> 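The structure's right below; bear with me while I get my questions together.
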Amino acid sequence: MYPDLTPIRIGIGIDAHRFVAGRPLVLGGVTIPFDLGLEAHSDGDVLSHAVLDALLGAANAGDKGKLFPPTDPRFKDVRSTLLLHEAMREVIKLGYEVGNVDASVMCEEPRIGPFREEMCDAIATALGIDTSRVSVKGTTLEGMGFTGRKEGIAAIATVLLVKQQ
Ligand code: MG
């Protein structure tokens, strides 16, 4: 990494996973009652994955596939908030703290609203920050595209990092 004179840095992350039967649905570290889960090597927590990519992107600390290879059996069914916690340790080592996180989950169902606060709490805990710094919203895409056809769930996130003095 080249010398960094920027006191604040922004990152963006996006992810999508396909619905599959026989797995729990985990979003933002919260297990949500639903008849389908998300296909993945990890727990399939698409929201945490988007936040993870945004966090690593903001820090220019590589991508999550390199840090947590899906071929590594250690990460089979791993709780993705645990990966967030691990990544945050790296970000702290680089001298940054999280200013805020904002994320949107795109799906027709389940409804995100009832679990919003719990998701914010779980993500904030994983990052070691106050819940007030984390925002999670849900949106449908009006029946369009793969989320509209209820094939899976997508998420997008931004993370702002602030250099520690
Ligand atoms: Mg993913």
Side-chain angles (χ1 to χ4, degrees), residues 9-91 96 98 100-113 115-116 118-129 133-141 144-161:
R9 300 180 62 106
I10 193 164
I12 187 168
I14 186 165
D15 198 21
H17 284 265
R18 185 181 293 274
F19 278 132
V20 68
R23 299 197 82 196
L25 178 62
V26 182
L27 289 175
V30 179
T31 303
I32 291 173
F34 195 60
D35 54 347
L36 298 169
L38 293 171
E39 197 170 50
H41 182 70
S42 67
D43 64 354
D45 184 344
V46 66
L47 171 56
S48 292
H49 292 180
V51 174
L52 181 57
D53 260 357
L55 179 70
L56 293 173
N60 201 4
D63 68 83
K64 66 180 187 297
K66 208 168 173 182
L67 278 179
F68 311 111
T71 47
D72 190 329
R74 280 183 304 150
F75 303 124
K76 173 108 178 75
D77 297 325
V78 72
R79 201 83 186 167
S80 296
T81 40
L82 204 71
L83 304 183
L84 261 184
H85 186 72
E86 284 304 308
M88 190 63 213
R89 288 160 60 112
E90 296 304 312
V91 169
Y96 289 96
V98 171
N100 75 299
V101 176
D102 186 26
S104 289
V105 180
M106 291 162 271
C107 58
E108 299 297 314
E109 54 184 13
R111 292 199 55 79
I112 300 303
F115 305 97
R116 245 175 47 86
E118 216 181 323
M119 290 177 189
C120 290
D121 282 346
I123 291 169
T125 300
L127 297 175
I129 58 176
R133 294 186 186 216
V134 180
S135 155
V136 172
K137 298 98 62 197
T139 187
T140 73
L141 294 183
M144 295 181 289
F146 68 89
T147 65
R149 292 188 297 271
K150 302 180 184 176
E151 292 172 10
I153 299 181
I156 187 165
T158 54
V159 169
L160 190 77
L161 293 180

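One-based numbering along the sequence shown. Counting starts at 1 for both ligands and their atoms, following the listed order. Being a predicted model, the structure only gives us computed values, none of them experimental.
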> Could you check which N/O/S atom of His17 is closest to the Mg ion (ligand 1)?
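It is NE2 of His17.
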> Does Val136 offer a backbone N or O that forms a donor-acceptor pair with the side chain of Arg116 under 3.5 Å?
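Indeed, once roles are kept as given, a pair shorter than 3.5 Å links the two residues.
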> Any sub-3.5 Å donor-acceptor pair from Arg79's side-chain atoms to Gly29's backbone N or O?
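Present.
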> Is there a donor in the side chain of Ser135 and an acceptor in the side chain of Asp102, or the other way round, less than 3.5 Å apart?
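The criterion, which ignores hydrogens and geometry beyond distance, is satisfied for Asp102 and Ser135.
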> For the residue pair Ile112 and Cys107, establish whether any side-chain heavy-atom pair is separated by less than 4.5 Å.
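Heavy-atom side-chain distance check passes, below 4.5 Å.
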> With a cut-off of 2.8 Å, does Asp45 place any N/O/S atom under that distance from the Mg ion (ligand 1)?
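Short answer: no, not a single N, O or S atom is under the cut-off.
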> For the Mg ion (ligand 1), find the closest N/O/S atom on His49 and give its atom name.
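Closest N, O or S atom of His49 to the Mg ion (ligand 1): ND1.
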> Name of the Asp15 N, O or S atom nearest the Mg ion (ligand 1)?
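The closest N, O or S atom of Asp15 to the Mg ion (ligand 1) is OD2.
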